[in-house]
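Worth saying up front: this structure is predicted, and the values here are computed from it rather than measured. Nothing fancy with the numbering, it's 1 onward along the sequence.
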Amino acid sequence: MCGITGWVSFDRDLGTERAALDAMTETMACRGPDDRGVWAQGPAALGHRRLAVIDLPGGRQPMSTETPHGTVALVYSGETYNFTELRRELADRGHRFTTGSDTEVVLRGYLEWGHALPERLNGMFAFALWDGREDKLVMVRDRMGIKPLYYHPTADGVLFGSEPKAVLAHPSARRRVRLDGLRELLTMIKTPGHAVWDGIREVEPGTVVTVDRSGPHRRRYWELETRPHPDGRDATVEHVRSLLDDIVRRQLVADVPRCTLLSGGLDSSALTALAARQLGERGEKVRSFAVDFTGQTENFVADELRGTHDVARASGTDHQDIVLDARTLADPAIRAEVVRARDLPAGLGDMDASLYLLFRAIRDHSVVALSGESADEVFGGYLQFFDEEARRADTFPWLVSMSRHMGEDTDVLRPDLAAKLDLTTYVADGYRDAVAGIRRLDGESDFEYRMRRICHLHLTRFVRVLLDRKDRASMAVGLEVRVPFCDHRLVEYVYNTPWALKSFDGREKTLLREATADVLPKSVYDRVKSPYPATQDPKYTAALQDQARELLTRSGHPVFDLVDPGRLRRAAEREEPTSSQAGRRGLERALDLALWLDLYRPELDLS
């Protein structure tokens, strides 16, 4: 796991542009605290920061090889879980390896298979190859978008990086955000390719972007396709379990300490139990971690903690609860770290802060963590999958659920700006684009097709919001978080499993529950879905109100080009600080925006 960056300029020799490349590379230091490397030759320059996970001494980057027709150089971020099989195949074809790293397998794989390489990879990855044989840059991102990759076309080439901050460190990149960028920032719809910052784009999941002298060229090598599902209930459950066993086995491979994130819910409990069984066969023990909040054990999280500790006992894990208090969650310094990690004011408040703090604490003990992230999207675990209003709404179903349970965080915007943004139309247009290409099976019922669309939206839009959040929070502290439920084989299979099999007993994630029933304690098997925990301590909201009141004394702050002072003042002056998320989201959004403007000083184009 690493941070990558680079620059291609077909009109100059970048061997003399070391200062710009160094600046871009150093922005990725948090993603790669163990090593750094740069490489430049002719029109291409590559930078790399390394988090060493596999082959600690041998996996240094950039990695290059000489061919009779030119140099091929690689910077790579992520993990290829089938690299051992690919290495054997490449060795049989005559390739010779000097390291034990998956990075060298990817480099040699490109020499052997060229643009057919990505289809052969199982993993989470984002990488860039300079092919000096044809003077072109090849950028590749994994199928689900687990690892990020951004690029900025220029007049004579391209800038790229794992995060926008790497691109923005180049002197030619403007820190400009237009109205459309604000629209994307303020909605949770994850428009494919959109990066908020003007001129910067994401390499979309499952996509190869090639840049030559004629500019960028995109090719999609994978997308979520509609296919018939031939298996009955028992065969489906058995196949899901077989896939999970294989996925966990592959994703436990590491040369550094690893652990699991164990919330006590079905997803993390299943992964922890499977990991504990496999490692136990080798005489190893799993470390597990969970987050909790001061003073909440007696409230709604009691069931979560019971499930967590039941799994820890049953699986024999070395478990630790990371306990956070309201003061730490509300600390402006922590909020600033989260904004830096995301490059954007995400507006999720304590949920972002707690994730960051959890990962920071885990990093003291482990370098790799397995997470239950994305199981809700794959198996249908959210409330909106069962809410008839959300099911039938002509919009992204999670927006219906979030509005009802969490309130709106755009209520603090200036009315004139809100009218100009017209977020309702932006979301409606995005929804129409998102559902336009979802194919219906012949004979599929109206209900099954409706559920297919909801599943597709979660797997191609919502999951990317959460994967990006997870990646930024973890890599900001140099922790690699793996997401077994995003293995594309599992995603493809379960997506095409009819809803009647995904939830054959009317409960959420029935298919996952049955596939792992033999390793789950009864307390977890019987539990209903609960959301990612948020603090219920009114002291947290009171601290936000104090910070908002202080911000209101700075009347010239640029945040008031976006936020209405009167609306923010009313939120800050409520007599009884609320413990609910709905009552504090506007405060969190305003404070995030203010910090972002202080830290990044973006040029806002509101015309």
Side-chain angles (χ1 to χ4, degrees), residues 1 53-56 79-85 100 102 122-124 237-291 304-322 358-359 361-375 378-379 474 479-487 489-490 509 511-527:
M1 196 63 63
V53 171
I54 293 175
D55 188 9
L56 307 193
E79 304 293 345
T80 297
Y81 300 124
N82 63 335
F83 80 97
T84 304
E85 299 98 305
D102 59 340
N122 177 302
M124 56 176 191
V237 170
E238 182 179 350
H239 188 65
V240 167
R241 174 55 179 270
S242 175
L243 283 171
L244 288 172
D245 283 336
D246 181 66
I247 292 164
V248 171
R249 177 180 60 81
R250 292 178 183 277
Q251 298 200 21
L252 284 172
V253 174
D255 296 333
V256 292
R258 56 205 184 288
C259 67
T260 65
L261 307 181
L262 178 58
S263 69
L266 173 62
D267 319 330
S268 63
S269 298
L271 285 182
T272 297
L274 292 174
R277 174 175 289 190
Q278 292 187 17
L279 290 179
E281 294 171 355
R282 310 203 302 253
E284 297 182 51
K285 197 171 187 178
V286 172
R287 294 205 67 154
S288 59
F289 294 87
V291 67
E304 275 94 330
L305 289 175
R306 176 186 159 208
T308 298
H309 297 148
D310 284 353
V311 174
R313 281 191 294 270
S315 296
T317 77
D318 181 3
H319 183 76
Q320 182 176 344
D321 291 323
I322 307 300
L358 171 64
F359 289 156
I362 289 173
R363 186 59 173 85
D364 290 336
H365 308 278
S366 297
V367 180
V368 171
L370 269 64
S371 166
E373 186 88 78
S374 307
V378 174
F379 289 96
S474 60
L479 177 71
E480 175 179 301
V481 177
R482 299 176 178 179
V483 277
F485 290 113
C486 278
D487 185 291
R489 299 168 298 163
L490 181 69
K509 293 181 287 193
L511 187 51
L512 175 60
R513 194 184 312 272
E514 292 304 311
T516 56
D518 62 309
V519 297
L520 294 174
K522 190 174 187 306
S523 61
V524 174
Y525 180 90
D526 290 336
R527 267 195 63 196

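- Applying the side chain to side chain contact (heavy atoms under 4.5 Å, CB included) criterion to H319, with sequence neighbours excluded, gives L262, S288, A290, T308, H309, A312, T317, D321.
- In this structure, S366 OG and E480 CD are separated by 11.5 Å, a value rounded to the nearest 0.5 Å.
- By the 4.5 Å heavy-atom criterion applied to side chains, L274 and I247 are not counted as neighbours.
- Between atom OG of residue S474 and atom CZ of residue R363 there is a gap of 11.0 Å, rounded to the nearest 0.5 Å.
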Open item on the list: Using the rule given for side chain to side chain contact (heavy atoms under 4.5 Å, CB included), can you reason through D255 versus V53, listing the C-alpha separation, both sets of side-chain angles and the distance that settles it, and then say yes or no?
Closed with: CA-CA 6 Å; D255 296 333; V53 171; over 6 Å; no

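- Contacts of D518 classified as salt bridge (charged side-chain N to carboxylate O under 4.0 Å, His left out), with partners at least two apart in sequence or in another chain: R241, R277.
- At a threshold of 4.5 Å between non-hydrogen side-chain atoms, the residues R250 and E79 do not count as touching.
- Scanning both residues, A375 and F485, for their nearest heavy atoms gives CB-CD1, 3.6 Å.
- Applying the salt bridge (charged side-chain N to carboxylate O under 4.0 Å, His left out) test to E238 and every residue at least two apart in sequence or in another chain returns nothing.
- The closest side-chain heavy-atom distance from R489 to N122 is below 4.5 Å.
- Across A515 and V240, no two heavy atoms sit closer than the pair CB-CG1, 3.8 Å.
- With contacts defined as side-chain heavy-atom distances shorter than 4.5 Å, the pair L490/F379 qualifies.
- The structure places CZ of R258 at 14.0 Å from CG of L479, a figure rounded to the nearest 0.5 Å.
- Between S371 and L261, the closest heavy-atom pair is CB-CD1, 3.7 Å.
- Annotation: side chain to side chain contact (heavy atoms under 4.5 Å, CB included) contacts of A517 (sequence neighbours excluded): Y525.
- With rounding to the nearest 0.5 Å, the separation of OG1 in T80 from CD1 in I54 is 8.5 Å.
- Counting heavy atoms from C-beta on, the side chains of L512 and V378 never come closer than 4.5 Å.
- Across all their heavy atoms, G264 and V524 have their closest contact at O-CG2, 3.8 Å.
- Exactly one of S315, S523, S269 qualifies for a side chain to side chain donor-acceptor pair (under 3.5 Å) with D310. That residue is S523.
- Screening D267, L243, L252, L271 for a side chain to side chain contact (heavy atoms under 4.5 Å, CB included) involving P484 leaves a single residue, L271.
- Remark: R249 engages D246, Q278 in a side chain to side chain contact (heavy atoms under 4.5 Å, CB included) (not counting sequence neighbours).
- Using modelled atom types, one side-chain atom of S268 and one backbone atom of S263 make a donor-acceptor pair closer than 3.5 Å.
- Side-chain contact check for V237 versus L511: some heavy-atom pair is nearer than 4.5 Å.
- The shortest side-chain heavy-atom distance between L266 and R527 does not fall under the 4.5 Å cut-off.
- A search for side chain to side chain contact (heavy atoms under 4.5 Å, CB included) contacts involving Q320 returns R287, F289, I322, H365, not counting sequence neighbours.
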